Amino acid sequence: MSRRDIAKAQAGLESVAEQVLQLAKERGATAAEVALSEESGLSVNVRLGEVETIEFNKDKGIGVTVYFGQRKGTASTADFSRAALNDAVRAACSIATFTADDPYTGLADADRMATEIPDLDLNYPWDVTPEMAIELATACEDAARSYDEQISNSEGASLSSHEGTRVYANSHGFIGGYSTTRHSMSCSVIAEDKNGMQRDYWYSVARDRSDLESAFEIGNKSAARTLQRLGGRRLETSKVPVLFAADVAGSLISHMISAIRGGNLYRKSSFLLDKLGEQIFPDFVHIHEKPHMKKVLGSAPYDSEGVATYARDLVRDGVLQGYVLDSYAARKLKMESTANSGGVHNVLIEAGELDQQGLLREMGNGLLVTELLGMGVNTVTGDYSRGAAGFWVENGVIAYPVDEITIASNLSDMFMQLQAVGNDIDYRGNIKCGSLLVDAMTIAGT
Amino acid sequence: MTETAGLSIDSVQQQLLAPSGLGINELERVLASIMQHNVDYADLYFQASRFESWTLEDGIVTDGVHSVERGVGARAVSGEKSGFAYSDEIALPALQEAATAARAIARQGQEKQIKAWTRTAGHRLYLPTDPLSSLGDRAKIELLEMVDREARKLDPRVKQVIASLAGGDDTILLLASDGTHAADVRPLVRLNVTVIVEQDGRREQGNSGGGCRRDYHYFIDEARALGYTREAVRQALVNLEAQDAPAGTMQVVLGSGWPGVLLHEAIGHGLEGDFNRKGTSAFSGRVGERVASDLCTVVDDGTLAQRRGSLNIDDEGVPTENTVLIEKGVLKGYMQDKLNARLMGVASTGNGRRESYAHLPMPRMTNTYMLPGPHAPEEIIASVKNGLYAVNFGGGQVDITSGKFVFSASEAYMIENGKVTFPVKGATLIGSGPDVLQRVTMVGDDLALDAGVGTCGKEGQSVPVGVGQPTLLIDGLTVGGTNV
Ligand SMILES: [Zn+2]
């Protein structure tokens, strides 16, 4: 889409948003908010050198919340016709006649609305045709399949490109919108030896296609990662240090984020309850939220209530500096919104001195975890028990691959016993984290 | 073709197509335009859905959500290739555009004929009821308030109750170049209860719930809503006493019902046709081989009345089946959709499912369970010298290719000298799919299905499923606790 088309798409959504707010007002709502989105894209999967799927995506949707004093109702539809919008508003209003008065409900405070919407450089449309996408995915899979003769099969390589526009408006008079793009390429292949098959993958994702890793690189990495896993052994049950590789380490930080989220705090269902201002990590740990990083996937100028996002410290010198709150949770906790309605925007763990090799040397003997399986994390208690695969490390050097084991501990202990943060930060996800070395966890194996 | 099935197709057609003035003739022309390319199979999937949910927290229902969705997906299949496009507008121009995009998967070729329409008479496992209007909105709220009161009345240690009631229906119509003409109306309701309990500064939670393809009266009948509440409180209180779980490989007794998630993860996904056609599953090419002890017979059964995982027809218009996956330990076959069945030279087993019109179908499970065996559950527990008794689980995950799977217990006990002694904290259990069922040494006579809360995710698509099993003894499974 050209810049002009984007402006047109945004203006179209804004006019629908205004219609909906007007409809809500006509029905007597004392306040209302509306979020709209429109997205289109293409996904192509190539397997064993042949096209497997071509999918054209085109989605739109609208969600409206109305307030009658302290009662609220929500409705959504994908149909932007006048009649459908009217139905949605009516459904939301009907719900609001049944829900209970909730003193904490409502729009975010008017004085917190973003007054200017910074251009965060998030929109890099790519007019990729199915033919181009097929060519790239084919090159990617070819690189993986020709990497080594032990690569015996493939789940294929995929290329996808999406662009979308979103608009949010509420009865404070806030209306904002922006467009974003997201392009990704991934490859997953299978290697086989006498012990069986192993599979692994690699992917790259970016706002701007020119920031994607090359098809060749993605293919090679997926093949190398898969080969390394061949001949995985189990470990004996024991307590050992664990190094979480950067691409899985972010999950530990996401468990922390989940535990300091407003909903889990006011429900008292968090192992980090009442930890504000307290030491939850060793003092070398600093964690920031940076919502305005240019061109980055997690960036957003305002949250899903229109509250202006801002950069802040979540953890400084290991001490918890703030929670992750939307306006509702903030009111319940008698605090201020942290502009996190809808989630966090770019959480960064400050890099330490060492890369992964250095951290392996620092660990000496222990487990390098490169894959986690399952959902064995209890946010209420912090109890942690997940399936894992990776490598056994001896004297700082990878000795052999490991699988079919679990690792277990409690997140409070794992955080406090963090030994080091790597400088090998994985920037792909919303949580940008290097490898994390944890002192000791229980391995369950043979 | 039965009269009732016919009636249902006509009324579904009326509901989905009439507003835009579309008729079967227009749809036939759209399908024919796809078949002008070198395509083996094409289908159009129309869907209209309604959904609502109500949530209670802090004793009051503060949140209610209502949503509607409708659209149509057009798919063209040529060999192993699929072209797919969809539109959230059910109208001829949008449909033609989607069809043109989908058929681009194949070159223009000799036009193939669409077979004469054959109306599929699906099962009548559930009725086309409307859950949303089955209960007044006030009564829905009162149901949740009753759950809250009951939970708090049961024990003063209950500090928080979160309860949600959700319901909706999917109306689908399918036309395919193989002559399939089918429709279904699928109600689905669900009630969930989470409680947080506190004692001496320690907090734990318990979850329970259920659902099925009926309306909201299901939760009022037999006081089911109160049953879930008691169960959630009971679980939370048990967890307050739980000690650290053991770590290591030991004998594990799995309770009946929801622990059947073991079957779903350990073997179910690995037996889906797509992975086996591609040779990427740890079970690929193993039909006829022993993959479980001879005590194990496992089926995927989409034909159970009113179950969450059941379907009158799958999303390709094929009536669901009761498919034997493993019989007395021997692998019998895979779960198939049309594409993978054709490529493997077998028939579809009615397992072609998709999350919505905006997703491509693929082989998916329905209700997966193990048939009962000869042993009393007490006898199974009594046989264990030192092991784990796991009765409730959260979710699980599997790596299809290596066969490694995990599933996480949310309620478990130690067994010592044949007796259940004390509760232990939830722990993840890990094993290898092709190996774990070979270690099943006792199977209970107490087959139970889960309460109707399962959702399965595959390649980003979620569908409702069911699981079940009798009490099982697994002679050696790795338990991921902290206690060495
Ligand atoms: Zn699943």
Side-chain angles (χ1 to χ4, degrees), chain A residues 47 50-60 72-79 87 91-92 94-95 98-100 102 105 130 153 155 190 196-199 232 237-239 267-269 373-376 378 380-381 383 385-387 389 403-410 442-446, chain B residues 60-71 80-88 101 104-105 137-138 141 159-160 162 196 198 203-205 245 247-249 278-280 282 358 360 394-397 399 401-404 406-408 425-428 430-432 478-482 484:
Chain A
R47 179 172 174 269
E50 298 281 342
V51 180
E52 185 170 47
T53 55
I54 300 180
E55 293 185 52
F56 297 90
N57 308 107
K58 208 170 143 192
D59 297 281
K60 64 184 196 298
K72 83 168 187 182
T74 299
S76 73
T77 177
D79 186 345
D87 284 350
S94 162
I95 287 169
F98 292 100
T99 47
D102 183 349
T105 205
N153 201 342
E155 289 194 323
I190 290 166
M197 294 188 288
Q198 291 288 348
R199 180 203 73 106
T237 300
S238 57
K239 267 200 160 83
R267 287 177 199 124
K268 300 196 188 308
S269 59
L373 272 176
M375 287 151 272
N378 185 333
V380 182
T381 59
D383 289 328
S385 168
R386 298 188 72 185
D403 65 11
E404 205 183 325
I405 56 163
T406 61
I407 54 174
S409 182
N410 183 283
T442 305
I443 312 284
T446 57
Chain B
I60 52 175
V61 173
T62 56
D63 234 341
V65 178
H66 181 270
S67 65
V68 292
E69 201 181 0
R70 55 195 291 138
E80 300 187 25
K81 301 183 171 86
S82 298
F84 180 61
Y86 57 87
S87 166
D88 55 21
I105 193 76
D137 289 344
R138 175 60 54 207
I141 286 169
K159 297 298 174 199
Q160 179 64 269
I162 301 150
I196 309 274
E198 187 177 342
R203 276 177 299 272
E204 293 284 351
Q205 76 179 16
T249 299
K278 297 174 190 176
T280 59
L360 271 171
Q397 195 183 341
D399 177 330
T401 303
S402 69
K404 307 298 185 233
V406 297
F407 60 132
S408 298
K425 286 181 177 177
T428 289
I430 190 164
S432 166
T478 302
V479 179
T482 52
V484 182

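Quick caveat: nothing in here was measured; it's all calculated off a predicted structure. Residue numbering restarts at 1 for every chain, and letters A, B, ... go by the order of the sequence lines.
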Do [X] side-chain atoms and [Y] backbone N/O form a donor-acceptor pair below 3.5 Å?
X: A:T237; Y: A:G445; answer: yes
X: A:S385; Y: B:A427; answer: no
X: B:S67; Y: A:T77; answer: no

For [X] and [Y], which heavy atoms make the closest approach, and how far apart are they?
X: B:I141; Y: A:F98; answer: CD1-O, 3.1 Å
X: A:G387; Y: B:V406; answer: CA-CG1, 3.7 Å
X: B:D399; Y: A:R199; answer: OD1-NE, 4.1 Å

Partner chain A: residue of [options] with the largest heavy-atom pair count (under 4.5 Å):
options: B:I60, B:T62, B:V484; answer: B:T62
options: B:G394, B:S432, B:A282; answer: B:S432
options: B:G83, B:G248, B:S87, B:A104; answer: B:G248
options: B:T401, B:T280, B:I196, B:I162; answer: B:T401
options: B:A247, B:G481, B:S408, B:S82; answer: B:S82
options: B:E80, B:E69, B:K159, B:R70; answer: B:E80

More than 12 heavy atoms from other groups under 6.0 Å of NZ on A:K58: no

CA sep, side-chain torsions, deciding dist, call: B:R203, B:Q160, side-chain contact (heavy atoms from CB on, under 4.5 Å): CA-CA 11 Å; B:R203 276 177 299 272; B:Q160 179 64 269; over 6 Å; no

Proximal component of B:K404, with respect to chain A [non-hydrogen, under 4.5 Å]: both

Interface moiety of B:D88 toward chain A, non-hydrogen atoms closer than 4.5 Å: side chain

Identify which of [options] forms the greatest number of heavy-atom pairs closer than 4.5 Å to chain B.
options: A:I443, A:D102, A:T381, A:N378; answer: A:D102
options: A:K268, A:R267, A:K60, A:M375; answer: A:R267
options: A:N153, A:D403, A:T446; answer: A:N153
options: A:D87, A:L373, A:I190, A:T53; answer: A:L373
options: A:I407, A:D79, A:T105, A:I405; answer: A:I405

From CA spacing to verdict: side-chain contact (heavy atoms from CB on, under 4.5 Å), B:E204, A:V380: CA-CA 6 Å; B:E204 293 284 351; A:V380 182; 5.6 Å; no

Could you tell me which portion of [X] (side chain, backbone, both or neither) has an atom closer than 4.5 angstrom to a non-hydrogen atom of chain B?
X: A:N57; result: both
X: A:E50; result: side chain
X: A:A91; result: side chain

Donor-acceptor pair between A:T406 and B:T428 side chains, under 3.5 angstrom: no

